[in-house]
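Within every chain, numbering begins at 1; the chains are lettered A, B, ... in the order of the sequence lines, protein sequences first and strands thereafter.
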Amino acid sequence: MRHGVLRSSHTPQPSFSRGQVSTCVRVTFTARAGHPADANVSRRRSQTHVLPALLAAPATTMTGRAEATTSFNAILPATAHRAGVVPRSSATSSGASFAGFLRLCPRLRFMAENRSKWSGPNRAGILCALHEPPMPGQHLAGLNPPQQEAVETLSGPLLVLAGAGTGKTRVVTCRMAEIVSRGVSPSAICAVTFTNKAAKEMKERVRKTVRLGKKKLQTMVVSTFHSLGLRILRDHGHHLGLRKGANIADESDQLSIMTDVMRESGLARTVIRPNDARWKVSLWKNQGLRPDDALESAELGVESTLAVAYGRYEAELRRQGLLDFDDLILRPLDLFKEAPQVLRGLQDQWHYLLVDEYQDTNGCQYELIKAIGGARRNICCVGDDDQSIYAWRGADPERVLRFTRDFPGAVVVTLEQNYRSTGLILEGANRLITTNTQRREKKLWSALGRGEPIELYIAEDEKDEVDFVTTRAMLLGQKEAMCWEDCAILFRANSQCRPLEQALRARQIPYKVVGTRSFFDRREVRDLLSFVRLAKNPADDAALLRIVNVPPRGIGKSSIDKVLGWAAEDRASAWSTMKRRADDLPARARDGVRSLEEIVTTIEELARVEGVTPAISWLTEATQYRDHLRQTVDDALELQTRLTIVDELEDTARTLEATSGKASLESFLDTLALREQDFGDKEDQSDGITLLTMHAAKGLEFPYVFIVGMEEGILPHRNSIGSEEDDAPDDRAIEEERRLAYVGVTRARQRLFLSYARERTRFGRTVKRTMSRFLEELGLDTLHVTDSTDDTPADPEVGREMLRKIRSRFSGGGPSNVDSETVTDTKGAPDSGAAAPTKKAAWWESMDD
DNA sequence: TAGTCCTGAGTTTTT
DNA sequence: CTCAGGACTA
Ligand SMILES: Nc1ncnc2c1ncn2[C@@H]1O[C@H](COP(=O)(O)OP(=O)(O)OP(=O)(O)O)[C@@H](O)[C@H]1O
């Protein structure tokens with residue numbers, strides 16, 4: 001078959017989007033041999049490139065089933081080898097390498113999974129190879145010998161220590177399946193992960209692996225550490241004197257409480273910013289240091305004053321019946337001391353504990369798990385010291401290496417085969433990580449062939465960089481039939497996300513953002529939830545203060561101060577005091593208190609009787625929150641955004657109750673506080689490119705990965721580099737950054753695109769940037785580099801550089817020309833606009849257009 | 001009490 | 001540059 005250009009002749013739907021192509025898009029496959037540009041394309045494509053293109057054609061043009069199967073059978077082994085995906089010896093249509101090969105073909109996978117009409121003999125085989133593991137009940141079949149050993153080691157401490165993509169998580173899920181298949185009740189299993197995303201992913205994998213009904217399955221605990229801690233506190237917190245309605249303090253509550261206690265402790269915000277103070281206190285808590293311990297270990301001066309403030313902070317939280325995130329881990333430990341019978345109960349309940357990403361557990365989390373493991377010590381941890389990226393939060397990168405000391409007699413299993421990435425990606429990752437000195441040496445190899453080289457794009461500026469990403473992504477959609485959902489864009493900091501979103505939106509490429517906290521941190525959400533919090537826990541002064549006069553109801557600053565004064569005298573909560581002594585306030589304020597009281601009690605009643613959804617709807621009505629917004633927000637677009645946020649909050653309640661039945665205010669607030677549920681009603685995880693930080697990406701994988709901002713100052717982050725005057729750069733910090741880069745790189749299965757910008761506009765100033773040291777360490781000479789200005793190596797001569805810039809502005813594509821390949825194809829398939837996949841722009845996205 | 005204007009600080013990563 | 005929070009005035 002000749003190479004050619006895929007051109008959609010009917011709907012502008014050149015890219016392939018799962019779930020959208022129920023009817024075949026007609027694609028003409030035009031051979032373009034002889035075109036001057038083709039020589040270039042062919043040469044470049046002679047590696048794996050050709051493969052997806054070939055597969056894309058039959059998938060869209062074929063109608064007959066027989067044709068489909070024969071074509072696949074004919075093409076697969078040969079092409080696979082030619083493409084370098086599978087070594088010749090294993091390039092057959094059966095066995096593990098076939099599976100590996102299939103995983104690299106999103107299009108094929110899509111067909112096998114979604115086109116029920118296609119039922120050729122290979123379908124079962126393909127599905128079998130793709131699904132994880134092959135079929136429910138056959139979980140052992142998809143494992144290599146060391147994995148099997150780990151899965152079958154069912155008693156005593158077990159550590160799986162292995163590099164990225166070696167199937168550690170698969171071990172965890174299959175081990176759970178194995179436990180269940182031996183007749184153990186799923187309720188005896190508790191699996192813990194670090195992030196919501198990972199927990200969700202694991203639940204999904206378990207669901208596919210275990211042969212169990214939904215009911216039974218739900219008795220199995222698969223959750224994050226924090227949600228596990230909260231569960232324990234909710235069930236048994238009364239032993240600690242924990243108030244029934246204890247609320248979870250969000251970041252801004254923590255901040256305002258911290259600001260208060262700092263003032264009381266005589267700690268000026270110029271000395272240490274409240275946010276930094278909060279951060280430091282959180283670190284103490286994560287290390288398991290109580291206020292006394294902190295005071296003892298603190299250096300004299302600011303730190304010891306802060307330790308005092310820490311004590312007050314804790315007291316204040318307790319007074320208001322609040323828990324901060326760290327308490328969710330810390331307080332269960334107190335509980336176990338206070339009420340050993342509770343611990344014994346848990347030990348009896350969970351006979352099997354599993355911890356994913358063990359390298360990220362901090363001191364307290366370790367204690368928690370160890371305690372629940374008890375004498376049975378039936379703890380299975382999987383991890384990779386090279387992927388430890390949470391030291392800043394109290395995790396100890398060496399903890400995973402200490403496992404055998406912490407749990408004497410532990411079985412340790414190591415895995416060496418990487419099933420995720422193609423060779424060149426893996427080699428780069430290995431080169432990068434071996435630069436670290438503090439690490440355990442590991443073997444890591446891949447049988448997936450060399451694959452494509454890692455690509456590096458050197459952009460002119462930040463705009464050029466995002467242009468590159470979107471252009472390249474569209475191209476991959478057109479040429480390689482990339483599903484949007486097979487693609488992810490990774491970045492170091494959340495702030496890098498916005499520009500990407502804008503660019504994607506401009507091209508109408510669908511996307512989804514993972515874990516951005518922006519929804520929950522919106523003022524509208526926090527306001528409305530504060531009413532709910534108050535309804536649940538009248539002692540929650542933080543919540544009261546936020547909404548006491550929102551929307552304005554005549555309770556001004558002086559009234560509030562009065563109430564706070566009385567409350568302090570009586571040692572009572574602000575809300576109860578306010579209600580009790582409303583008559584001592586000015587008439588307007590008194591009326592305000594009465595109406596607030598009415599609102600709060602009604603929320604509670606409504607929620608109790610009818611559920612959260614009506615309670616929230618009623619709340620927005622009763623407070624006339626929407627009208628309030630209409631009055632205070634002038635900008636029409638901004639208003640629209642905020643109104644939609646209110647809608648989305650209602651939808652969130654609705655979604656929660658639709659999936660798990662009538663909910664209590666508590667479970668609603670908890671779910672939101674722990675960010676366990678996506679915001680709004682988008683349970684229908686629409687297809688789209690995934691945008692997420694490298695931290696959030698840990699444990700996930702994508703065939704196509706972009707990593708942006710490969711610059712000194714971003715990755716490694718400048719706070720980790722150490723200041724210029726500082727002679728001793730912080731090696732530990734740099735090594736963590738390097739591990740972070742390693743995590744990012746190892747998310748990619750098939751293609752990896754790195755990029756950085758030569759200059760960036762920050763705070764209105766244009767700043768020159770330099771390439772990340774990690775690029776050098778990955779092996780710059782192995783990267784396929786494309787420069788924004790030219791493909792020839794950068795010329796130091798300034799004049800010529802400028803000339804090039806000018807020239808590129810006039811050459812049709814604008815300054816954002818990607819590599820020659822791109823240009824060629826854009827000509828072939830005239831910009832058909834963004835792919836069809838329509839994504840209704842989510843509410844929060846319309847904000848900054 | 002509520003709205004407007006101005007200053008100054010901000011960019012790490014998660015629950 | 002942009003947004004948030006503080007000071008100031010009606
Ligand atoms: N024995 C196996 N045969 C074929 N594929 C496998 C095998 N084990 C795991 N895989 C596949 O390899 C990929 C990586 O597996 P998994 O996510 O479990 O790795 P991991 O070690 O947890 O990675 P990370 O360290 O990045 O979290 C997955 O796509 C998984 O399906």
Side-chain angles (χ1 to χ4, degrees), chain A residues 192-199 223-230 248-252 254-256 259 269-270 273-276 279 282-283 285-286 323-330 357 360-362 364-365 388-395 490-498 514-517 520-521 523 548-561 585-586 588-589 592 631-632 634 638 670-676 692-698 709 711 713-721 733 736-737 739-741 743-744 760-767 847-848:
Chain A
V192 200
T193 64
F194 224 64
T195 60
N196 287 319
K197 181 92 182 152
S223 76
T224 62
F225 270 107
H226 288 86
S227 127
L228 178 70
L230 180 60
I248 296 174
D250 66 28
E251 225 155 290
S252 73
Q254 294 177 35
L255 199 60
S256 70
T259 312
R269 51 191 311 152
T270 42
R273 290 200 301 274
N275 210 8
D276 295 342
W279 193 83
S282 172
L283 192 63
K285 291 181 85 165
N286 274 307
L323 296 164
D324 71 9
F325 284 119
D326 307 320
D327 285 329
L328 301 183
I329 311 295
L330 214 50
E357 312 287 9
D360 292 323
T361 48
N362 63 35
C364 297
Q365 292 163 334
S388 167
I389 52 176
Y390 283 97
W392 53 274
R393 211 185 125 176
L490 310 189
F491 36 81
R492 173 67 229 260
N494 281 309
S495 57
Q496 294 169 266
C497 188
R498 248 322 124 67
V514 171
T516 172
R517 50 255 309 253
F520 305 96
D521 289 345
R523 167 181 299 282
V548 64
N549 208 26
V550 178
R553 53 177 72 82
I555 312 176
K557 188 160 183 346
S558 61
S559 298
I560 293 170
D561 283 346
L585 294 171
R588 240 157 66 113
Q631 279 158 26
T632 51
D634 321 319
E638 177 69 14
D670 287 351
T671 321
L672 289 187
L674 294 179
R675 322 263 148 118
E676 279 173 338
L692 70 183
T693 64
M694 282 178 259
H695 284 89
K698 191 157 52 63
E711 282 155 44
I714 296 183
L715 186 67
H717 194 272
R718 68 187 164 87
N719 294 6
S720 305
I721 295 176
E736 176 144 319
E737 294 288 307
R739 290 193 293 266
L740 187 58
V743 167
R760 228 169 254 277
T761 312
R762 228 108 251 215
F763 305 129
R765 223 189 300 295
T766 304
V767 193
M847 295 188 298
D848 36 21

Answer with base, sugar-phosphate or nothing: what part of the nucleic acid does [X] contact at a heavy-atom distance below 4.0 Å?
X       : result
R588(A) : sugar-phosphate
N549(A) : sugar-phosphate
D324(A) : nothing
S559(A) : sugar-phosphate
F194(A) : sugar-phosphate
T195(A) : sugar-phosphate

Only counting residues at least two apart or in another chain, list the ones meeting side-chain hydrogen bond (donor to acceptor under 3.5 Å, both in side chains) with [X].
X       : value
D324(A) : K285(A), Y313(A)
R393(A) : none
E736(A) : R739(A)

Strictly under 3.5 Å: I want the nitrogen or oxygen pairs between protein and nucleotides 3-7 of chain B, one per line.
none

For this session: Compare the aromatic ring of F325(A) with the six-membered base ring of dT14(B) and state whether they stack according to the 5.5 Å and 30° rule.
Result: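 By the stated criterion, F325(A) and dT14(B) do not stack.
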
For this session: Not counting sequence neighbours, which residues clear salt bridge (Lys or Arg N to Asp or Glu O under 4.0 Å) with E737(A)? List them please.
Result: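 R492(A).
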
For this session: Check whether any side-chain heavy atom of H695(A) lies under 4.5 Å from a side-chain heavy atom of I389(A), and answer yes or no.
Result: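 They are in contact (side-chain heavy atoms under 4.5 Å apart), so the answer is yes.
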
In whole Å, what is the span from the [atom1] atom of [X] to the [atom2] atom of [N]?
X       : N       : atom1 : atom2 : value
D276(A) : dG10(B) : CG    : P     : 8 Å
Y390(A) : dT15(B) : OH    : P     : 6 Å
Q254(A) : dT14(B) : CD    : C1'   : 12 Å
K698(A) : dT15(B) : NZ    : C1'   : 13 Å
R739(A) : dT13(B) : CZ    : C1'   : 13 Å
R762(A) : dT2(C)  : CZ    : P     : 14 Å
W279(A) : dG10(B) : CH2   : P     : 15 Å
R498(A) : dC1(C)  : CZ    : C1'   : 16 Å

Exercise. Does N494(A) put a side-chain nitrogen or oxygen below 4.0 Å from OP1 or OP2 of dT13(B)?
Worked result: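 Affirmative; the distance criterion is met.
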
For this session: Considering just the side-chain nitrogens and oxygens of T693(A), establish if one lies under 4.0 Å of OP1 or OP2 belonging to dT14(B).
Result: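 True: T693(A) side-chain N/O within range (under 4.0 Å) of dT14(B) OP1/OP2.
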
For this session: For L674(A) and for A589(A), find the nucleotide of DNA chain B with the closest heavy atom, then tell me which residue's nucleotide is more 5'.
Result: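 Going by which nucleotide is closer to the 5' end, it is A589(A).
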
Problem set entry | Donor-acceptor pair under 3.5 Å, R675(A) side chain vs dT15(B) base |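 No, no donor-acceptor pair under 3.5 Å.
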
For this session: Please say which of L674(A), L330(A), N286(A) ends up in a side chain to side chain contact (heavy atoms under 4.5 Å, CB included) with F325(A).
Result: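 Checked L674(A), L330(A), N286(A) against F325(A); only one passes side chain to side chain contact (heavy atoms under 4.5 Å, CB included): L674(A).
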
Problem set entry | Backbone N/O of F194(A) and side chain of D360(A): donor-acceptor pair under 3.5 Å |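 No; judged by distance alone, with no hydrogens or angles, the pair does not exist.
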
Problem set entry | For F225(A), all residues meeting ring pair (Phe, Tyr, Trp, His ring centres under 6.0 Å), sequence neighbours excluded |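 With sequence neighbours excluded, F225(A) shows a ring pair (Phe, Tyr, Trp, His ring centres under 6.0 Å) to no residue whatsoever.
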
Exercise. Of all the choices, dT13(B), dT1(B), dT15(B), which nucleotide is nearest to the side chain of S558(A) once you look at every atom?
Worked result: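 Of the options given, the side chain of S558(A) lies nearest dT1(B).
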
